[in-house]
Amino acid sequence: MKPWVLGLTGGIGSGKSAAAENFSELGVHLVDADQVARWVVEPGQPALERIVEHFGREVLLASGALDRGALRARIFQDAEQRKWLEGLLHPLIREEIGHSLALAQSPYAILVSPLLIESGQYQRMQRVLVVDTPESLQIQRAMARDSADEEQVRAILKIQMQRDERLRHADDVLVNDRDRSWLRQEVERLHGFYLTLKGGRT
Ligand SMILES: CC(C)(COP(=O)(O)OP(=O)(O)OC[C@H]1O[C@@H](n2cnc3c(N)ncnc32)[C@H](O)[C@@H]1O)[C@@H](O)C(=O)NCCC(=O)NCCS
Ligand SMILES: Nc1ncnc2c1ncn2[C@@H]1O[C@H](COP(=O)(O)OP(=O)(O)OP(=O)(O)O)[C@@H](O)[C@H]1O
C-alpha cells in the first residue's frame, strides 16, 4: 500500500530538522523541502543561471556556487524580490518533492517544509504535525546555528506565518521547549501513534 504522508512544519529554528532526524532514525522516509531547495540551485542547474541573470554575479561565490548569505540579504528584506525567487523555485521544488515522496517504502513518509501551510501543500498531506517553540527560543537557536544576527532572524519570523495561525492547521503539536532527549521521546511517542493509523487517520 502507498505510504500516507505526514507534513511536518514549524517556524525558523523551531526544531523541524532536529525532529525529522529523529523520525528518520526510526526508519521513516524523509523529504526535506529546504534540502530540495538547495539541490535545485546547485551549479549546473538551470535555476542558478536564472538567478544570476536576475540578481547579477554578486550572488555567486568564487567557486561558482550560490552565495546563500548574499541572496538571503537580498530577499528577506524585499518582498518583491522574494516573490520573484519563490516563483522560480517553488514549482521546481514541488516537482522534486513529488519524485522523492514516491520512493517511500516506510509505513508513512514525512515532508518537512517551513512553508507547508503558506504554500497550500498541507492540503495534500494526510496529517500535519507542527513543531511549536516559544519565539525567544526560536531566535536563540537560529542565531546560534546560523551565526545570523537577531535582526535577520526576526525579519524571517515576520514573513513566516504567525504561530497561532500555524497551530490552527495542526493535527498534532510537538512542543520543543526542552532538551534534545525530550524531543526524542516525543518523536518516539508520536511515531508509535502514527504506526497505528490507517491512511493517517484514527
Ligand atoms: C534565500 C536562501 C538562498 C537563503 O539561504 P540560507 O542557507 O541562508 O537560509 P535557509 O535556506 O537555511 O533558510 C533560513 C530560514 O528561512 C526560511 N525560509 C527560506 N526561504 C523562505 C521563504 N521563501 N519564506 C519564508 N521562510 C523561508 C527557512 O526555512 C529557514 O528557516 C534560501 O532560503 C532560499 O533559496 N529560499 C527560497 C526558496 C524557499 O522558498 N525555500 C523555503 C521553502 S522550500
Ligand atoms: N530540543 C532542543 N534542544 C536543544 N537544541 C535544539 C533542540 N531542538 C533543536 N535544537 C537546535 O536548534 C537549532 C534549530 O533547530 P533546527 O535546525 O532543527 O530547526 P528548523 O525548524 O529546521 O529551522 P529552519 O527552518 O531555520 O531550518 C539547531 O541547531 C538544533 O540543533
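Below, all heavy atoms of this structure are taken into account, side chains as well, without hydrogens, waters or symmetry copies. What you see is a predicted model; the values in this text were computed from it and never measured. As the structure lists them, so they are numbered: ligands from 1, and atoms in each ligand from 1.
- For Arg82, the CZ atom sits in a packed shell: over 12 heavy atoms of surrounding residues, nucleotides or ligands are nearer than 6.0 Å.
- Given atom 5 (N) of ligand 2, the protein heavy atom at minimum distance is Arg180 NH2, 3.4 Å.
- Salt-bridge formation is not detected for the pair Arg178/Glu186: no Lys NZ or Arg NE/NH1/NH2 atom is positioned less than 4.0 Å from an Asp or Glu carboxylate oxygen.
- With a 4.0 Å cut-off on non-hydrogen atoms, Ala33 touches ligand 1 through its backbone as well as its side chain.
- Taking each of Arg145, Lys16, Arg141 in turn, the one with a heavy atom nearest to atom 27 (O) of ligand 2 proves to be Arg145.
- At a 4.0 Å heavy-atom cut-off, ligand 2 touches Asp34 through the side chain alone.
- Ligand-side atoms of ligand 1 in range of His90: 39 (C), 40 (O), range being under 4.0 angstrom from any heavy atom.
- Ligand 1 places these atoms under 4.0 Å from at least one heavy atom of Ile156: 16 (O).
- For the pair Arg72 and ligand 1, the shortest N or O to N or O distance falls below 3.5 Å.
- Only the side chain of Leu85 comes within 4.0 Å of ligand 1, judged by heavy-atom distances.
- Within the listing of ligand 1, atoms 24 (N), 25 (C) sit less than 4.0 angstrom from a heavy atom of Ile159.
- With hydrogens and angles ignored, the 3.5 Å screen pairs no side-chain donor or acceptor of Asp172 with any backbone N or O of Leu129.
- Open room surrounds CZ on Arg50; 12 or fewer heavy atoms of other groups in view lie less than 6.0 Å from it.
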Problem - side chain to side chain contact (heavy atoms under 4.5 Å, CB included) between Glu135 and Arg154, intermediate numbers included - result: CA-CA 10 Å; Glu135 205 171 284; Arg154 281 194 185 278; 3.9 Å; yes
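- In this structure, Arg145 and Ile12 approach most closely via the heavy-atom pair NH2-CG1, 4.4 Å.
- In the displayed structure, Arg201 atom CZ is contacted under 6.0 Å by more than 12 heavy atoms of other residues, nucleotides or ligands.
- Every atom of ligand 2 with a heavy atom of Gly11 under 4.0 Å away is listed here by number and element: 21 (O).
- Considering only non-hydrogen atoms, atom 35 (O) of ligand 1 lies nearest to Leu89 out of Val112, Ile75, Leu92, Leu89.
- Taken together through direct or relayed side-chain contacts under 4.5 Å among Ile, Leu, Val, Met, Phe, Trp and Tyr, Ile75 and Leu60 form part of one hydrophobic cluster.
- Thr9 places a side-chain N or O within 3.5 Å of a backbone atom of Ser113 that can act as its donor or acceptor partner.
- Counting the atoms of ligand 2 from 1 in the order shown, those under 4.0 Å from a heavy atom of Ser17 are 18 (O), 20 (P), 22 (O).
- Atom 33 (O) of ligand 1 has its closest protein heavy atom at Phe76 CZ, 3.9 Å.
- Polar contact with ligand 2: present for Gly13 (N/O pair, distance under 3.5 Å).
- Distances below 4.0 Å separate heavy atoms of Arg38 from the following atoms of ligand 1: 7 (O), 12 (O).
- The closest approach between Gly10 and ligand 2 stays at or above 4.0 Å for every heavy atom of the residue.
- For atom 13 (O) of ligand 1, no protein heavy-atom neighbour is found at a distance under 4.0 Å.
- Contact atoms of ligand 1 toward Ile12: 15 (C), 31 (O) (distance under 4.0 Å to a heavy atom of the residue).
- Side-chain atoms of Trp182 come within 3.5 Å of backbone N or O of Val175 as a donor-acceptor pair.
- The option from Lys158, Lys83, Gln160, Gln152 that lies nearest to atom 26 (N) of ligand 1, judged by heavy atoms, is Gln160.
- Geometrically, ligand 1 and Arg68 share a nitrogen or oxygen pair separated by less than 3.5 Å.
- With ligand atoms numbered from 1 in the order given, ligand 1 contributes 22 (C), 23 (N), 24 (N) to contacts under 4.0 Å with heavy atoms of Glu86.
- Between Tyr122 and Val128, the shortest heavy-atom contact is CB-CG2, 4.0 Å.
- Proximity of Pro114 to ligand 2, defined as any heavy-atom pair under 4.0 Å, is not found for any part of the residue.
- Comparing Leu157, Asp146, Asn22, Asn176 against atom 1 (N) of ligand 2, the shortest heavy-atom distance belongs to Asn176.
- At a 4.0 Å heavy-atom cut-off, ligand 1 touches Leu115 through the side chain alone.
- Using a 4.0 Å cut-off between charged side-chain N and carboxylate O, Glu42 and Arg38 make no salt bridge.
- Atom CD of Glu188 sits in a crowded spot, with more than 12 heavy atoms from other residues, nucleotides or ligands closer than 6.0 Å.
- In this structure, Arg178 counts as a contact residue of ligand 2, since one of its heavy atoms falls inside 4.0 Å of the ligand.
- We find that Asp146 and Arg72 are joined by a salt bridge, their nearest charged nitrogen and carboxylate oxygen being less than 4.0 Å apart.
- Polar contact check, Ala18 against ligand 2: a nitrogen or oxygen pair lies under 3.5 Å apart.
- Crowding of Gln105 atom CD: a count of heavy atoms from other residues, nucleotides or ligands under 6.0 Å not exceeding 12.
- Checked against the 6.0 Å centroid threshold, Tyr108 and His191 count as a close aromatic pair.
- On a distance-only criterion, Gly15 and ligand 2 share at least one N/O pair closer than 3.5 Å.
- Between Glu25 and Arg184, the closest heavy-atom pair is OE1-NH1, 2.6 Å.
- Checked by distance only, ligand 1 and Asp34 come closer than 3.5 Å through their nitrogen or oxygen atoms.
- Within the 4.0 Å heavy-atom cutoff, Ala19 does not count among the residues contacting ligand 2.
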